[in-house]
Number of protein chains: 4
Amino acid sequence: MEPLLDDDHFHDECGVFGVYNHSEAANLVYLGLYALQHRGQEAAGIVSVDDRIFHVSRGSGLVADIFKAREMERLKGRQSIGHVRYSTAGGSINVRNRQPLVVDSADGGLAFAHNGNLVNGVEMRRMLERRGSIFQSTMDTEVIVHLTALSRKQTFPERLVEALKQVRGAYALTAMDENLIIGVRDPSGFRPLCLGKIGDDCWILSSETCALDLIEAEFVRDVEPGEMVVIGPNGLESYFPFEKKARSLCVFEFIYFARPDSTIDGISVYEARKRIGAALARENPVEADVVVPVPDSGVAAAMGYAQESGIPFELGIIRNHYVGRTFIEPEQKIRHFGVKIKLNANPMALKGKRVILVDDSVVRGTTSRKIVKMVRAAGAKEVHMRISSPPTAYPCYYGIDTPTRAELLASSHSVEEMCQHITADSLQFITLPGLYQAVNGGPPESFCDACFSGDYPIPFSAHDEGGQLTLLQEA
Amino acid sequence: MEPLLDDDHFHDECGVFGVYNHSEAANLVYLGLYALQHRGQEAAGIVSVDDRIFHVSRGSGLVADIFKAREMERLKGRQSIGHVRYSTAGGSINVRNRQPLVVDSADGGLAFAHNGNLVNGVEMRRMLERRGSIFQSTMDTEVIVHLTALSRKQTFPERLVEALKQVRGAYALTAMDENLIIGVRDPSGFRPLCLGKIGDDCWILSSETCALDLIEAEFVRDVEPGEMVVIGPNGLESYFPFEKKARSLCVFEFIYFARPDSTIDGISVYEARKRIGAALARENPVEADVVVPVPDSGVAAAMGYAQESGIPFELGIIRNHYVGRTFIEPEQKIRHFGVKIKLNANPMALKGKRVILVDDSVVRGTTSRKIVKMVRAAGAKEVHMRISSPPTAYPCYYGIDTPTRAELLASSHSVEEMCQHITADSLQFITLPGLYQAVNGGPPESFCDACFSGDYPIPFSAHDEGGQLTLLQEA
Amino acid sequence: MEPLLDDDHFHDECGVFGVYNHSEAANLVYLGLYALQHRGQEAAGIVSVDDRIFHVSRGSGLVADIFKAREMERLKGRQSIGHVRYSTAGGSINVRNRQPLVVDSADGGLAFAHNGNLVNGVEMRRMLERRGSIFQSTMDTEVIVHLTALSRKQTFPERLVEALKQVRGAYALTAMDENLIIGVRDPSGFRPLCLGKIGDDCWILSSETCALDLIEAEFVRDVEPGEMVVIGPNGLESYFPFEKKARSLCVFEFIYFARPDSTIDGISVYEARKRIGAALARENPVEADVVVPVPDSGVAAAMGYAQESGIPFELGIIRNHYVGRTFIEPEQKIRHFGVKIKLNANPMALKGKRVILVDDSVVRGTTSRKIVKMVRAAGAKEVHMRISSPPTAYPCYYGIDTPTRAELLASSHSVEEMCQHITADSLQFITLPGLYQAVNGGPPESFCDACFSGDYPIPFSAHDEGGQLTLLQEA
Amino acid sequence: MEPLLDDDHFHDECGVFGVYNHSEAANLVYLGLYALQHRGQEAAGIVSVDDRIFHVSRGSGLVADIFKAREMERLKGRQSIGHVRYSTAGGSINVRNRQPLVVDSADGGLAFAHNGNLVNGVEMRRMLERRGSIFQSTMDTEVIVHLTALSRKQTFPERLVEALKQVRGAYALTAMDENLIIGVRDPSGFRPLCLGKIGDDCWILSSETCALDLIEAEFVRDVEPGEMVVIGPNGLESYFPFEKKARSLCVFEFIYFARPDSTIDGISVYEARKRIGAALARENPVEADVVVPVPDSGVAAAMGYAQESGIPFELGIIRNHYVGRTFIEPEQKIRHFGVKIKLNANPMALKGKRVILVDDSVVRGTTSRKIVKMVRAAGAKEVHMRISSPPTAYPCYYGIDTPTRAELLASSHSVEEMCQHITADSLQFITLPGLYQAVNGGPPESFCDACFSGDYPIPFSAHDEGGQLTLLQEA
């Protein structure tokens, strides 16, 4: 068997969700995670607190497969947080790294759900171990928990602030003790986090707004970069305890990660994608008969491209909605079907046509090559690939799962060479200025574009880059 | 838990697939069933034959979940047939009714995979029981098998012909003994069946062409209504052993059942859907700002509508791709989220807009009502529903799972009343002539439209209509 | 993994149980099968009938693992029969052969649970297939069902009689239509079947009396060889419709198969085993320090041996009660531990002792050899093996799973050679006259001892002996 | 469903096993845990270390169900420790409390498998939490791990010594870093631990000797109370780092917990049980016809009783070997069958007899009452219960799962009243002096008998007695 998820994309590592003060807190978290499933499909967890007891349920797989009715009934209480995770470890997952991380401390239970990655995580871990701390996972989150527990400050929010002041990197964090739920976004604001409300006194924290829609919560506002919101019996309190930094929201959220029906920091993901598609059409026009999206990530950009160019939009590739997570690898003779399990060319829309294929990115190039071949086999006369991101030439250290630099096609190939590699008639990427113009109408100041530019907003040590923590393996 | 599949559609009951003379016959059937999964998600089975031994694997659920690597290794041999099934029994499934049906007879093993429904099935069953036959399932297919075994003819094809001459109804059948694979389509041609080829001497039978594409088989031609193809050591032989009847291909295959990248009896499903959408726009124009499909079944028709009307096409509803088959029903307070688990309004594409919603059918009206409400809650100023089929007022007896007449909204409500029921600003259905014009450019002679017109091409006895065979229940 | 059940014994193939007229019929059958689990651990099934609907539940494994609470709730009705099965197919099981066999016929549902084996099963099957019957399993039981359905007689009992008159072999059968439960034992009475009662009008059929004890049913009497009891609204009616034959109860039931707390045809299994042990002591005395049973099957005979000989009884071998059905085979170096997983020598009871080991049989000799070696390694000075059955030199054709003749150690080795093979200091078997004297105090007229004597009470054709029906394989 | 394990016994909480320097270390641990399964059936875990990586596998249920072949292949390396556990939390189990506990620390991975209970565990935990430690389980073991990690000593053994000097209570501990395996037994020696060897340089640690037998390891000696053995590249080194205390081996190991084929601190469990039975016969003679054990725990004592009294030993109660861990509770009418699922009276051995029933203990009295009733219903004329332990009137705080004082029948009932409660004709317990005389031939100085006498060798604070740590619940 081999995973079908290896679809040659960058992968988001997590989504977080929290509910304060609802009689069905854990059920709402369940629904929220359902809506955030695209941010992580390998594991999920929910923890609720009821009368000081923390009830935990965590497992591998999709939300709908992990949490069964009987399990949900255990998760009592009016406070709950949850987490979905994409594993960085490739196919297999280390069960020790399940989130939320829940521990017992001097002040009772604490639970943490973390989206992001620390650049000084390994360094801090080594320091803590030398102090006598023991680690039961390889997650950065456990570093934050230890630092919180070791703080001499009075309250949980104060201790968490002291802990976070010692770490550097990306985090959108939801944490909970028996009385409070805290949401906090790192000073650069790499990963999104927003705030919602049901009625007067039930508060919601979510990685994306689409999850608020599902549970019919009112969108209140985004949590700001560097902001900590503390939600408890006194309502919501907002703090900005960290040194101010330039905003560095991950621009890839708009290109691929976020769901199109979400709005992040005031920008509609769907509208942004359509604008990117339109900009792509303006920057890289080509004479053609049809604009065909690579489903589903390329659809909005392809619509924008088609609208701008006036070339008809066609569903030239059909996605099989029943593709599971594993697939039996057939023997040699028929194993080359590869990508066709998931995507099938629609010959009627392609035969004899000059086709503009719109996709969101080219990572290793393996999938693009197969798609071009498939489209051509279905009768396309020309295949012009248009990509709604600049070439991805650098790995991410802020919480996104990317191949190593060497594996990134753009790190060692010119656009020309990439075009030859994927056997397209032409290949064009949107420019970085064009991208920013399309996303927020202006200059790139507020985004992280390290994966395109190699310009990393937060430096990282060589130690952290290569620091593999694989001492404890549990399947 | 409740099934999420109850999405208020008619449901196809089956898909069949067969491979003759390939070293990886069962693996190809596995891939074929993968591509036909949309025709039935409740159960699947594969049988192969190797040196007279019939190896069988059948189970409940999706193809990817049922057949594991170890299981597939058992399915040796160069001949194999398979089946995917939608259960007619509502949520639960009677495991006795698994297909392919495989039996031992005087001439060795026989396997049958059947898409369709006999209108004299119960009658024939009672006759056979009176003769002393015993039944281990409630499937019509078992009737065909008994009749085949009882025939005094010399060869398996001859015996199968004699059996089929005694039954009336819809069938696209794939059958196999230890030497031959047979494909046969009933004289009316209700259900599709096509023929493909890999290389010179490997033949494929499939419900739809999209499955041929996946395995890179060459499409040869459709099996004709009333045709039996016998594939064996002598290659393919074609017979027309039945009395000729008017063609009655199920028109709903073009509206909803078939995958858009399939071509049935010469007509591209995708193109037909776009033409239906365009016809719908011509028949029922309305001033509006956006055309929004109900994903995924309404997408092609909405594209046709948008193109014809010049009104922009927008993804105003986003489908969650990670929806599983079951879902934990939350308590009273939050249970009304219903359809939102699967579909989420994209507020940016809807707010303040006059929206034309395009869907393929209104069956009970429950889902339509929820979608209209959701779209309006997302800020739509007007909601105009346009349906790419005529009102479905009559149940199907030819192999499609439909509600009873009483449950069909159109059987007791005028279009006006239906519009009120689903709370839309307007509701319009394509006309039957408009539908046929769009599908095949001409008169309706060659299709079955009983579900719209009540005009049943093959009469059925009251006995069969109500004949519930629920004597043997096994979960 | 390898099965641990291969403990070098003959294996019973089935147990049957039936309940007529109890509000918890299926629950009682569940309990009954629990008590009969020793007769078959590979598969089990229960069927109940409620208002003409037959509810079926069947699965692989142990009773407690197959039937879960939710499943049992489905099994409504006041009539129920059940079956436990030992697979003849070695490790793996063909799921097509699940019992009870439940079919739909001209007169409604019929269910059959069968313990035994027909000697003309293959022959009858071929005849039926030539008539046009189809088979969905390889079980003899399906032959009986076809013959019953084909009978022109008026009532179910009459039809079943007509069917059974056409077959030869061993059967203790429990069958059920929607009104009646029938128990029938073949004219030779190979396999046991008894009758119990709860209150005035609830009747029980069971392979052994120990299952009556569990459900606190009163033991009424054994069903006689050749007797058919029909239990229905008119109470119990008894018939002797078959030609009378000499009684041939399987004597191995007393040696090994039956549970010691059962009584069969008036003889307590426990008492019989003790008497056999005593007779063994008289026939084959030896000077020794301790009598040690091979647990658990040798315990009662060892007690009888110890009591008769005056040599102390000691638990020199301890059985691990947590042995599961599968076991991970370690690598070469440590794989020879074999039997020790299940049995461990108790060194304190063996060291320096002259040991008499009492076991019930030597089949292939593999396990005996390992046990002798283990006992010696624990310090035993001498090891004298005493077996409570005569040498088993012939396979069984009446429903017991035995190795082929060639695999039976006694078929090709003298007792002397067998002793050398298992490396014991001496080896003795009880004589056939001694066995009968011990079991029923008299001559062997009423038992089948074919496995010792090769004297088969019912002849079988070569065709049946070798007739492998493996056309349909389903895992 | 309800657990069948509630058989009204005290329950051992754990078994530990370790292997140093074997190419199949984890496979040997698997076999060792198999042999120790009687010490804990609710969960098990194995950890191996290979080139600094700790490979962990832990799960709920029986050893044979948890560790599958594929899982075992992951557990590479020449060092491995394992653990079986009986949950104290009643039926359900908190998955957070899985053992071995494996953590990452300043000096790499550490693994701990612990049998026992600390009396100052909660106190130490609170102290550690105040220092900033976080806890992920409710196990005492985690306290030991934190103390070890916080130690400033140089080596792992030194740090572990410093940690253990701070705790009080019962422990037989197996611990491992990447180079060493350590076995240590608390200064009182409450729980057993022994040392074995395979060849010249492979060392084994095991809770009981029966596990050495299974893997054909040579028994070297018991680990002494207060001894720490450190096994590494330099071979085995022995230390006695703790203040010397009086030996307090749990006497219940001889009565019930240990397997009869084990030898603990020089005493054969089997021989001890037989001697206890004989002493019981001398102390409490009664005229009777048969001595019947309650299987399996009463068998050896009953043999001793029978031998001493000259009254015949009979298997008057038969145990069903296929009893699983859960059982479907039938409805009201038939639910009183209770204990009969597991034990069945053998009427032939009881009818008309005066019966001496020998069991190991009476805890709540519920099972004893059912057994007496069952034996009487099978026809016994008199039932005299003889118990091979003194009345258990006090709970255990050293690692055995006992009911609260109030639930212990003996805490509030005289022997006379207990006899009435269980409806026996007479009831007698062995005396404490008689017990010690039988076990080690002398005075009770070297055993813990707190559960009989209330004389606790190590004092405990009220805090620890009641200290429930249930903050983190995970199923």
Side-chain angles (χ1 to χ4, degrees), chain B residues 45 47-59 68 70-71 74-76 92 94-96 98 101-112 125-138 142 145-152 159 178 468-475, chain C residues 45 47-59 68 70-71 74-76 92 94-96 98 101-112 125-138 142 145-152 159 178 468-475:
Chain B
V47 53
S48 69
V49 62
D50 182 43
D51 194 18
R52 309 195 54 207
I53 310 293
F54 282 65
H55 301 282
V56 188
S57 182
R58 304 180 297 190
K68 300 302 177 194
R70 176 188 296 231
E71 193 69 2
R74 278 183 47 239
L75 302 180
K76 297 192 191 312
S92 82
N94 191 338
V95 297
R96 307 185 73 85
R98 295 180 305 178
L101 184 54
V102 190
V103 304
D104 198 9
S105 76
D107 294 300
L110 299 176
F112 296 78
R125 184 182 169 108
R126 295 296 172 229
M127 181 278 286
L128 284 161
E129 285 177 352
R130 282 189 303 268
R131 279 191 79 271
S133 292
I134 56 175
F135 283 78
Q136 300 197 31
S137 75
T138 59
E142 199 173 351
V145 179
H146 273 292
L147 292 171
T148 303
L150 287 165
S151 167
R152 300 280 118 194
R159 280 201 289 274
E178 66 200 40
Q468 284 293 4
L469 292 169
T470 53
L471 277 173
L472 312 178
Q473 289 291 341
E474 186 158 13
Chain C
V47 54
S48 68
V49 61
D50 181 44
D51 194 18
R52 312 195 52 207
I53 310 293
F54 282 65
H55 301 281
V56 188
S57 181
R58 303 180 297 190
K68 299 303 178 192
R70 177 188 296 228
E71 193 70 2
R74 277 183 48 240
L75 303 179
K76 296 192 191 313
S92 81
N94 191 338
V95 299
R96 308 185 73 86
R98 294 178 307 176
L101 183 55
V102 189
V103 305
D104 197 9
S105 76
D107 294 299
L110 299 176
F112 295 79
R125 184 181 169 108
R126 295 296 173 229
M127 180 278 286
L128 284 160
E129 286 176 351
R130 281 188 302 269
R131 279 191 79 270
S133 293
I134 57 175
F135 282 77
Q136 300 198 29
S137 75
T138 59
E142 199 172 352
V145 179
H146 273 291
L147 292 171
T148 303
L150 287 166
S151 166
R152 301 279 119 195
R159 279 201 289 273
E178 65 200 43
Q468 283 292 3
L469 292 168
T470 53
L471 276 172
L472 313 178
Q473 289 292 340
E474 186 158 13

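As the structure is a prediction and not an experimental result, all values here were calculated from the model. Quick note on labels: first sequence line is chain A, next is B, and so on, each numbered from 1.
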**Report entry** Test side chain to side chain contact (heavy atoms under 4.5 Å, CB included) applied to C:Gln136 and B:Leu101, B:Ile134, B:Val145, the passing residue
**Finding:** B:Leu101
Query raised in the report: Quick one: salt bridge (charged side-chain N to carboxylate O under 4.0 Å, His left out) partners of C:Asp50, sequence neighbours excluded?
Result: none
Report task. Using non-hydrogen atoms and a 4.5 Å limit, figure out which bit of B:Arg159 sits close to chain C: side chain, backbone, both or neither. Result -> neither
Report task. Would you name the heavy atoms of B:Arg130 and C:Arg152 that are closest together and state the gap between them? Result -> O-NH2, 3.5 Å
Query - Non-neighbouring partners of C:Leu128 that pass side chain to side chain contact (heavy atoms under 4.5 Å, CB included), sequence neighbours left out - result: C:Ser133, C:Phe135, C:Val143, C:His146, C:Leu147, C:Leu150
Query - Closest approach of B:Glu129 to C:Ala106 (non-hydrogen atoms, all atoms of both residues) - result: O-CB, 3.2 Å
